[in-house]
Amino acid sequence: PQGIGSPSVYHAVIVIFLEFFAWGLLTAPTLVVLHETFPKHTFLMNGLIQGVKGLLSFLSAPLIGALSDVWGRKSFLLLTVFFTCAPIPLMKISPWWYFAVISVSGVFAVTFSVVFAYVADITQEHERSMAYGLVSATFAASLVTSPAIGAYLGRVYGDSLVVVLATAIALLDICFILVAVPESLPEKMRPASWGAPISWEQADPFASLKKVGQDSIVLLICITVFLSYLPEAGQYSSFFLYLRQIMKFSPESVAAFIAVLGILSIIAQTIVLSLLMRSIGNKNTILLGLGFQILQLAWYGFGSEPWMMWAAGAVAAMSSITFPAVSALVSRTADADQQGVVQGMITGIRGLCNGLGPALYGFIFYIFHVELKELPITGTDLGTNTSPQHHFEQNSIIPGPPFLFGACSVLLALLVALFIPEHTNLSLRSSSWRKHCGSHSHPHSTQAPGEAKEPLLQDTNV
């Protein structure tokens, strides 16, 4: 009875768009506040804050996914969006509390897991890769304009207005969920008892990881996802500063770069993805995406001219097909009442990488003695070049060492992914595992990865 219309992918898309648009507005103000709050070792502190948040997401995602299988998606969409956006107004009230709450908000910052479960509830198997691509493209779309808008408003009217605007958009998202979003999980799909108990075994995120090694396919997908997403998460944390400080992009050029990259990503994750899935299959689409990612990271690492960054950015947009393709591959193996568990674990592993990636990049900056002391803008750290005195050495053979590290990591992921069988075999394998497990409460096995290897499988892909 609640909500407007029947559940659709568009409900999920609007929720994601508003949440990440609000955070996108704060891209520039957050860098300033981060540098003012932690003038020394800014990138190390950034890595630490994101690391704690990522670890908490990893620990909580399976539990929240499993609970949403029992109690429905809508209430958990509301919970995750509320806590993810809770730190926004604190930026101007108290920067220390702002960063503290960001760290702690990781417990609920798993909107993607609930959204993907919501989408899985209302789509047929053959539609799912397209739907996942649409959600991922929406994430990119929300970041096409919001950083540029936030930077412009901050420059003209001050950061306080940007924080107020971001808070208003977050409140709009919460109201939209309360008023317009219908529940996607029918009563008949939920466990017999409405308040079905969730055991610690189901909620333990490590339980699944302990069993990963027992099934070689799950292990392969797990390693692939981890190795490919780790450098991507680190890149997100530092790349735009790298453009600003090392490649000498103007703020307008950086905003334009974000916009162009977002538009190309949207095209790649909708039109190109559906064409590739139909023509070359799921596994080959994933391999192609990983290949683009290696090329893009290597180009960023060796590139020394602005045009190289633009060319590599176009390749980066093509590499964005990997995430929805992996989601589609694994969701095919989960039962209808298991999608929350599966997507919860996927988001958890991404959360772990979102923590480890920025921390790793920050550590590499630290090893290269790149500090922010001499520049007002946090970007210096990105110049992992050589020394703090020479923020940019035009003759440096490798302008961006962390990106080359990332390229090597994704190359390993590609080699591992070659051994993943096509999804048909995967389905057989996981269904036999499912029979083996019997009815072992896997519907809400929060520990998704441990409970049935199959959920882990799916998580890892993401």
Side-chain angles (χ1 to χ4, degrees), residues 1-26 53 56-90 101-123 131-132 134-136 138-139 142 165-187 189-191 194-196 198 203 337 339-348 350-351 444 446 448:
Q2 301 168 322
I4 296 173
S6 56
S8 71
V9 176
Y10 300 107
H11 288 101
V13 159
I14 294 172
V15 170
I16 286 287
F17 181 85
L18 290 174
E19 176 183 324
F20 288 98
F21 189 87
W23 274 108
L25 288 171
L26 299 178
K53 180 180 178 181
L56 290 174
S57 295
F58 168 73
L59 294 174
S60 68
L63 176 61
I64 289 178
L67 287 172
S68 77
D69 283 339
V70 179
W71 292 337
R73 316 290 185 209
K74 179 168 177 169
S75 53
F76 284 93
L77 273 178
L78 193 63
L79 193 71
T80 55
V81 171
F82 176 80
F83 281 100
T84 304
C85 296
I88 291 176
L90 294 173
V101 174
I102 281 183
S103 300
V104 178
S105 72
V107 173
F108 293 103
V110 290
T111 313
F112 260 110
S113 73
V114 187
V115 163
F116 274 119
Y118 188 97
V119 170
D121 291 339
I122 56 180
T123 53
Y132 285 165
L134 190 61
V135 172
S136 298
T138 303
F139 170 69
S142 68
L165 180 61
T167 305
I169 291 172
L171 289 172
L172 176 65
D173 197 8
I174 291 166
C175 293
F176 177 78
I177 296 171
L178 275 172
V179 175
V181 175
E183 175 56 59
S184 67
L185 192 65
E187 286 289 341
M189 290 302 303
R190 302 185 199 176
W194 187 84
I198 302 286
D337 59 356
Q339 295 291 339
V341 173
V342 169
Q343 301 300 344
M345 210 44 223
I346 290 178
T347 303
R350 291 183 66 205
H444 2 120
T446 0

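All values below come from the heavy atoms of this structure, side chains included, with hydrogens, waters and symmetry mates left out. Since the structure is predicted, the reported quantities are computational estimates derived from the model, not experimental observations.
Smallest separation of non-hydrogen atoms from A12 and V119: CB-CG2, 4.0 Å. Heavy-atom minimum distance, P182 versus S6: CG-C, 3.7 Å. Smallest separation of non-hydrogen atoms from R73 and E183: N-OE2, 2.8 Å. Minimum heavy-atom separation, V110 to S60: CG1-OG, 4.4 Å. The shortest non-hydrogen separation linking C85 to A170 is CB-CB, 3.6 Å.
Residues that satisfy the side chain to side chain contact (heavy atoms under 4.5 Å, CB included) test with Y10, not counting sequence neighbours, are S8, L134. In this view, F21 and F17 satisfy the ring-ring contact (aromatic ring centres under 6.0 Å, His included) rule, not counting sequence neighbours. For T167, the side chain to side chain contact (heavy atoms under 4.5 Å, CB included) partners two or more places apart in sequence, or in a different chain, are I88, P89, V163, L171. Residues satisfying the ring-ring contact (aromatic ring centres under 6.0 Å, His included) test with F176, not counting sequence neighbours, are none.
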**Request:** Run the numbers on T80 and F112 for side-chain contact (heavy atoms from CB on, under 4.5 Å), then give the verdict.
**Result:** CA-CA 9 Å; T80 55; F112 260 110; over 6 Å; no
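Put simply, the side chain of Y132 does not reach to within 4.5 Å of the side chain of T123, judged on heavy atoms.
Taken to the nearest 0.5 Å, the OG atom of S142 stands 13.0 Å off from the CD1 atom of I14. With values rounded to the nearest 0.5 angstrom, L25 atom CG is found 5.0 Å from L165 atom CG.
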Using atom types as modelled, flag every donor-acceptor pair under 3.5 Å from a side chain in residues 101-109 to any protein atom, sequence neighbours excluded.
from	atom 1	to	atom 2	distance (Å)
S103	OG	F99	O	3.1
S105	OG	V101	O	3.4
S105	OG	I102	O	2.8

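Tested against E19 for a side-chain contact (heavy atoms from CB on, under 4.5 Å), the candidates T111, I174, I177 yield a single pass: T111. When each of V115, T138, L18 is checked for a side-chain contact (heavy atoms from CB on, under 4.5 Å) with V13, only T138 meets the rule.
Between Y118 and F76, the ring centre distance reaches or exceeds 6.0 Å.
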